[in-house]
Amino acid sequence: MMLDGLYQEIILDHYKNPHGRGLRDPYDGEAHHVNPTCGDEITVRVSHDLNEISYDGVGCSISQASASVLHELLQGRDAAAASEIHHAFVELMQSRGQVEADEEILGDGIAFAGVAKFPARVKCALLPWMAFKDAAARAGVEVGVSPEVKA
Amino acid sequence: MMLDGLYQEIILDHYKNPHGRGLRDPYDGEAHHVNPTCGDEITVRVSHDLNEISYDGVGCSISQASASVLHELLQGRDAAAASEIHHAFVELMQSRGQVEADEEILGDGIAFAGVAKFPARVKCALLPWMAFKDAAARAGVEVGVSPEVKA
Amino acid sequence: MSFDVERVRKDFPIFEREVNGHPLVYLDSANTSQKPVQVLDVMRAHQERYNGNVSRSVHTLGTESTEAYEGARARIATFIGAASPDEVVFTKNSTEAINLVAHSLGQMLRLGPGDEVVISEMEHHSNLVPWQLLCERTGATLRWFGITDDGRLDEADLDSLVNERTKIVSLVHMSNVLGTINDVSRIAARARSFGALVMLDCSQSVPHLPIDVATLGADLIAFTGHKMLGPTGIGVLWGRLDLLAQMPPFLAGGSMIETVTMGGTTFAAPPARFEAGTPPITEAIGLGAAVDYLTGLGMEAIHQHEQDITRYALDALTSVPGVRIFGPATVEGRGGTVSFDVDGVHPHDVGQILDALGVEVRVGHHCARPVCSRFSVPAMTRASFYLYTTTAEIDALARGLDQVRKVFG
Amino acid sequence: MSFDVERVRKDFPIFEREVNGHPLVYLDSANTSQKPVQVLDVMRAHQERYNGNVSRSVHTLGTESTEAYEGARARIATFIGAASPDEVVFTKNSTEAINLVAHSLGQMLRLGPGDEVVISEMEHHSNLVPWQLLCERTGATLRWFGITDDGRLDEADLDSLVNERTKIVSLVHMSNVLGTINDVSRIAARARSFGALVMLDCSQSVPHLPIDVATLGADLIAFTGHKMLGPTGIGVLWGRLDLLAQMPPFLAGGSMIETVTMGGTTFAAPPARFEAGTPPITEAIGLGAAVDYLTGLGMEAIHQHEQDITRYALDALTSVPGVRIFGPATVEGRGGTVSFDVDGVHPHDVGQILDALGVEVRVGHHCARPVCSRFSVPAMTRASFYLYTTTAEIDALARGLDQVRKVFG
Ligand SMILES: Cc1ncc(COP(=O)(O)O)c(C=O)c1O
Ligand SMILES: Cc1ncc(COP(=O)(O)O)c(C=O)c1O
C-alpha cells in the first residue's frame with residue numbers, strides 16, 4: 001500500500017507533540033490494552049464526568065497520535081457527545097476508506113481517514129479508543145454501541 | 001500394478017488348503033502379530049527344536065498362504081537351516097523383484113516372488129515370518145539376523 | 001438429472017489418468033477426495049504471488065496473506081452457518097480438532113473420577129482414542145452407544161448412558177464405514193438437559209450434506225479439508241463462541257498469546273487462542289476455494305446426486321452373488337459410503353483384484369476397528385462416492401466383483 | 001562468488017512481482033521463506049496425478065502416495081543425518097513438534113514438583129509457552145538462561161541452572177531475533193551428565209546451516225517446512241529412535257494405533273505413533289522437494305552466501321545514523337537475521353515506510369517478547385536473509401531507512 005494519506009502532517013504533529021499525555025489522579029475507571037501482534041500498549045484513565053482523560057503507553061505514531069486526538073476530542077464532553085464521536089471514529093476506521101469523515105464531529109480525527117485503508121494499522125488507531133471505552137465503562141459511562149473490534 | 005505374478009496358483013492352493021493350520025500344544029514360544037493397517041492377525045507357536053510349528057490367524061490370501069508355506073518349509077528343520085530359509089524369504093520380499101528366488105532353498109516360497117512388487121502386500125507375506133521369528137526367540141531359537149521389517 | 005457429473009469431472013485433472021491400463025475409477029472419497037483445478041489454481045497463485053506469514057507483519061505480502069487466510073475463514077463460517085468467523089478454528093485435520101477438544105474440555109471441566117464421557121461403537125479411531133486417553137488421564141469413565149444389526153446407532157440404552165454424570169457426548173455424524181447418518185437430536189437433547197456438551201465428528205458429513213451448525217444441535221464439530229476437495233494439512237474445529245471463549249488453549253506457541261513474560265503468559269481470544277504457530281496458510285486458502293466450489297454446485301444438489309448414485313450402487317451390489325452389505329440397506333438416512341463382504345474372499349484380495357482393473361476401493365478396518373468387531377469381521381471392503389462419481393463407475397465395480405469371484409471361485 | 005544468486009532467484013516466481021510500484025525486496029525469510037517452482041511443481045503433480053490417502057490402501061493411488069510420502073521422510077532423514085527415516089516424525093509445524101515433546105516427555109518422565117525444565121530468555125514463544133504450561137500442569141519448575149549484552153546465551157549460571165533436578169533442557173539453536181547461533185555443547189554435556197534430555201529448536205538453523213543430528217548433541221530437534229522453501233502446514237520432529245520408542249503418544253486417532261477395542265488401545269511404533277489422522281501428505285512431499293533443492297545447491301554454499309550478505313548488511317546498517325543493532329555485531333556465530341532499532345521511530349512506522357518502497361521487513365516482538373524486554377524495547381525491526389538475498393536488496397533497505405529518517409526527522 002502506498003503511503004498516501006497514512007502519515008498526514010496532523011498525525012505526525014500529534015505524535016511528536018502529544019496532548020494530555022501522562023497518567024493523572026484521581027480517576028474513576030482505568031483500562032490497559034495491548035496489541036498482541038506488535039506489542040503496542042496503552043493505559044487510559046477516565047473520570048466519571050469525562051472531565052479528566054489521561055493516558056500513557058508505548059507504540060507507533062498511529063496509536064500514539066490517536067490517543068492524543070482522543071484526548072483532544074473527548075475530554076470534557078458529556079457522555080452523549082463522547083459517544084457520538086467515538087462511534088464516528090470507529091466507523092471511519094472500519095470503513096476501508098468507504099466512509100466520508102465528518103470534520104464537524106471528528107476534528108483532527110479526520111486525518112485518520114487514510115489509515116482505514118491499511119488493515120494492519122487500523123488496530124493501532126483503535127487501540128486507545130477501545131481502552132477508553134473500557135475505562136469509561138468502569139467509570140460508569142457507557143460509550144455507545146460501537147461494534148466490537150478484534151485486537 | 002497388474003496382477004501378473006501376485007496370485008500364483010501355488011499361493012491360491014496354500015490359501016484354500018493350508019498346511020498345519022491350528023494352534024497345538026505343547027510349545028515353548030508363542031507370538032501374536034498384527035498388521036495395524038489392515039487388521040490381519042496371526043499367532044505362531046514353536047517348540048524349542050522346531051519340530052512343532054503351529055499357527056492360526058485371519059487375513060488375506062497372501063498372509064495365510066505365507067503361513068502355510070512357512071510351516072511346510074521350517075517345521076522339523078534345525079536352527080541353521082530355518083535361519084537360512086527365513087533370511088532368504090525376507091530378502092526376497094524386500095527385493096522389489098530385483099532378487100532371483102532360489103527354489104532349492106525356498107520351495108513353494110518362490111511363488112511369493114511376485115508379491116515383492118506390491119509394496120502394500122509385502123507386509124502381508126512377512127507377517128507370519130516375523131511372528132515366527134519372535135516365537136522362536138521366545139523358545140530359545142535365534143533365527144538369523146534378518147533385517148527388521150516395519151509392520 | 002440436472003446435476004451435470006460429466007462437466008464436474010472435467011474439473012478434476014486426475015480423471016485423465018489410467019490405472020493398470022484401465023481408466024481410473026476412484027471409489028475411495030471417504031478416505032480422501034480428489035481436488036478440482038479451481039482449488040489447485042488458487043493455492044498455486046497464492047504461493048507464487050502472495051506468500052507471506054499471517055498476523056505478524058505490516059508489510060504488503062503479509063497483509064495480503066492475512067486477508068486471504070481470514071477470508072477463507074469467513075467463507076467456511078458461512079458455509080456451515082456459523083454465527084461468526086471467530087467460531088472457526090483451523091487445525092491440521094479432524095483428528096487434531098478432536099484432540100484439542102478432548103484436552104481443553106478435560107481441563108475446563110476438571111474431569112475426574114465419577115464423570116462420564118459418552119461416544120459410540122461407530123466412531124472412527126480419531127473420535128475414540130482421544131477420549132480413551134482423556135479418561136485414562138483423568139479417571140473419568142468412557143461409555144458408548146452400540147450399533148443395531150442394520151447399522152444404526154442403538155439408542156435403547158439412552159436413559160442409562162446419558163445421565164447426570166455425563167459431561168461430554170461425542171458422536172460421529174456420518175459413519176465412515178456404514179454410511180449411516182446419525183440423527184442425534186434425542187441424544188443431544190438429553191445430554192443438554194444434564195448440562196453435558198455435545199460434539200459431532202462431521203468429517204464425513206460436511207463434505208456431503210448441507211450442514212447448518214445453528215440447527216445441528218452440537219456445541220462443537222470437527223471436519224477435515226482433504227475429504228471435501230481441499231488439500232491435506234487443514235481441518236476445522238467449529239465451536240459456539242461463548243464456549244470457545246471459556247476453553248483453555250491446547251497447543252501453545254506463537255500467535256496464540258496476548259502477552260508473554262518468562263514468568264507467565266496470557267492468551268488471545270478465539271480463534272487465535274487455538275492456532276499456535278504458523279498455521280497451514282495455503283491449505284486454509286485452498287479449503288476456502290473448495291468451499292466456493294461446493295457452494296457453486298450447491299450442497300443440496302451434490303447430496304441428491306450422491307443419493308442417486310448410492311441407490312444405484314446398493315442395487316448393483318445386492319445383485320452380485322455372495323456380497324453382504326453392512327449398514328442401512330436403503331438410501332434413507334445414509335450417505336454414499338457402502339461397505340461390504342465378498343463371501344470367502346478377504347477384503348485385501350478383493351481390493352487387489354479391483355485395483356488391477358483400475359477400481360480404487362478401500363479395504364481394512366477403515367480406522368474403525370470396533371465397527372468391524374461389531375459385525376464379526378476382521379476387515380471390510382468399502383466403496384465411497386462423491387460429486388464426481390458416475391453410474392458407469394458403479395458398473396465397473398460390479399464387473400470387478402465378478403472377476404474377484406472368478407479368481408477365488 | 002561461485003554461488004549464483006541471480007540464477008537462484010529465477011526459480012522463485014514471486015520475485016517477478018512488484019510491491020507498491022517497486023520491485024519486491026523480501027527481507028522476511030525468518031518469518032517465512034519463498035518457494036521455488038521446483039517445490040510447487042512437485043506438489044501440483046502429486047495433487048493432479050497421485051493423490052490418495054497414505055498407509056491405508058492397497059490400491060495404486062494409495063501406494064504411490066505412500067511411497068512419495070515415505071520417500072520424502074527418507075530424504076529429510078538423510079538431509080539432517082538421521083540414523084533412520086523412522087526418526088523423522090511429520091507434524092504441522094515446529095510448534096506442534098515442541099508441544100508433542102512437552103506433553104509426551106512430561107508423561108514419560110512423570111514430571112512433578114521438584115523437577116526442573118530449563119530454557120532460555122532467547123526462546124521463540126513456541127519453545128517457551130509449551131514449557132510454561134507443562135510446568136503449570138505438573139508442578140515442575142521452569143528456569144532459564146539469560147542473554148548477554150551482545151546477544152549471546154549467558155552461560156554464567158550454568159552450574160546452578162543445570163543440576164540433578166533438571167529433566168529437560170530445550171534451547172533455540174539459532175535465535176529468530178538476534179541471529180545468534182548457540183553452541184550448546186557445554187550445556188548439553190552438563191545436562192547429559194545429570195541424565196536430562198536435550199531438545200533444540202532448529203526452526204531457524206535447519207533452513208540455513210548444514211545440520212547433522214549425529215553430532216549436534218541433541219536428543220530431539222524441531223523444525224518447520226515453510227521457513228526452508230517448503231509449504232506451510234508441515235513440520236518435523238526428529239528424535240533418537242530409542243527415545244521415540246519410549247515416548248507415549250500425544251495426538252491420538254487414525255493411523256497411530258496397533259489395535260483398538262472400545263476398552264483400550266495399543267499404539268504403533270514411531271514415527272506412526274506420533275502421526276495421528278491423515279498427515280499433511282502433499283506438504284511432506286513438498287518439503288521433500290525443498291530438501292532436494294537445498295541439497296542441490298549445498299547447505300555449505302548457502303550458508304556461505306548468507307554470511308557474505310550478513311557481513312554486507314551489518315556494515316550497511318551500522319553506517320545509517322541512529323540505527324542500533326541487537327545481537328552479535330559480527331558474522332561470527334550468527335546467521336542472516338538482523339534486528340535493529342531506528343532512534344525515535346517505532347518499528348511499526350519503520351516497517352510501513354519500508355513497505356511503501358517494496359522492502360518487506362518484519363516489525364514487532366517476533367514471537368519472542370522476552371528478548372525485546374531484555375533489551376528494553378517494546379518491539380524491533382528485523383531484516384532476515386536467505387539464499388536468494390542480494391546485496392542490491394540490502395542497499396534498498398539502507399536507502400529505505402534514510403527515507404524513514406526523513407519522514408520522522
Ligand atoms: C526460533 C523459532 N522457533 C519456533 C518457530 C515456530 O515455527 P512455526 O510457526 O512454523 O511453528 C519459529 C518461527 O515462527 C522460530 O523462529
Ligand atoms: C468419521 C471420521 N472421523 C475422523 C476422521 C479423521 O480425519 P483426519 O484423518 O483428516 O483427521 C475420518 C477420516 O479419516 C473420518 O472418516
Side-chain angles (χ1 to χ4, degrees), chain A residues 1-18 21 32-43 55-69 93 97 111-128 130-131 150-151, chain D residues 17-22 24 28 31 124-126 128-129 177 326 339 341-382 399-409:
Chain A
M1 186 67 75
M2 309 294 277
L3 286 184
D4 311 347
L6 184 63
Y7 292 116
Q8 300 274 344
E9 244 356 280
I10 303 183
I11 292 183
L12 292 175
D13 278 352
H14 275 278
Y15 176 53
K16 291 174 190 161
N17 306 297
R21 188 184 178 93
H32 176 75
H33 276 213
V34 173
N35 180 338
T37 47
C38 64
D40 282 7
E41 299 189 23
I42 196 151
T43 304
Y55 67 92
D56 206 358
V58 287
C60 64
S61 59
I62 306 294
S63 71
Q64 299 303 299
S66 177
S68 169
V69 167
M93 294 307 1
F112 287 81
V115 177
K117 281 181 248 155
F118 293 78
R121 307 306 293 280
V122 166
K123 294 186 264 192
C124 308
L126 285 175
L127 186 69
M130 293 299 125
K150 287 180 58 183
Chain D
R17 83 167 267 183
E18 297 199 330
V19 167
N20 294 323
H22 300 269
L24 168 65
D28 197 18
N31 198 356
H124 187 280
H125 294 159
S126 291
L128 194 173
V129 189
V177 180
F326 303 99
S339 294
D341 184 54
V342 181
D343 192 32
V345 192
H346 190 280
H348 245 168
D349 295 317
V350 175
Q352 192 80 57
I353 291 171
L354 290 176
D355 179 61
L357 302 167
V359 179
E360 313 289 86
V361 297
R362 183 165 170 199
V363 298
H365 55 50
H366 311 286
C367 298
R369 216 168 159 282
V371 179
C372 292
S373 308
R374 165 64 180 81
F375 289 99
S376 307
V377 290
M380 296 177 180
T381 303
R382 180 186 74 185
R399 276 198 310 276
L401 291 175
D402 289 339
Q403 183 67 25
V404 167
R405 296 184 53 249
K406 243 176 247 155
V407 174
F408 284 88

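Order of the sequence lines sets the chain letters (A, B, ...), proteins ahead of strands, with each chain counted from 1.
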- Message: If I compare all heavy atoms of Tyr15(A) with all of Val345(D), which pair ends up nearest, and what's the gap?
- Response: OH-CA, 4.5 Å

- Query: Glu41(A) versus chain D, heavy atoms under 4.5 Å apart: side chain, backbone, both or neither?
  - Reply: side chain

- Task: Decide side chain to side chain contact (heavy atoms under 4.5 Å, CB included) for His346(D) and Asp40(A); before the verdict, give the C-alpha distance in whole Å, the side-chain angles of both, and the deciding distance to 0.1 Å.
- Result: CA-CA 10 Å; His346(D) 190 280; Asp40(A) 282 7; 3.0 Å; yes

- Query: Are side-chain N/O atoms of Asp349(D) and Tyr7(A) paired as donor and acceptor at under 3.5 Å?
  - Reply: yes

- Task: May I ask you to test the Val377(D)-Val58(A) pair for a side-chain heavy-atom distance under 4.5 Å?
- Result: no

- Minimal non-hydrogen separation, Val407(D) against Lys16(A), with atom names: O-NZ, 4.0 Å

- Task: Answer yes or no: is there a side-chain heavy-atom contact under 4.5 Å between His348(D) and Cys124(A)?
- Result: yes

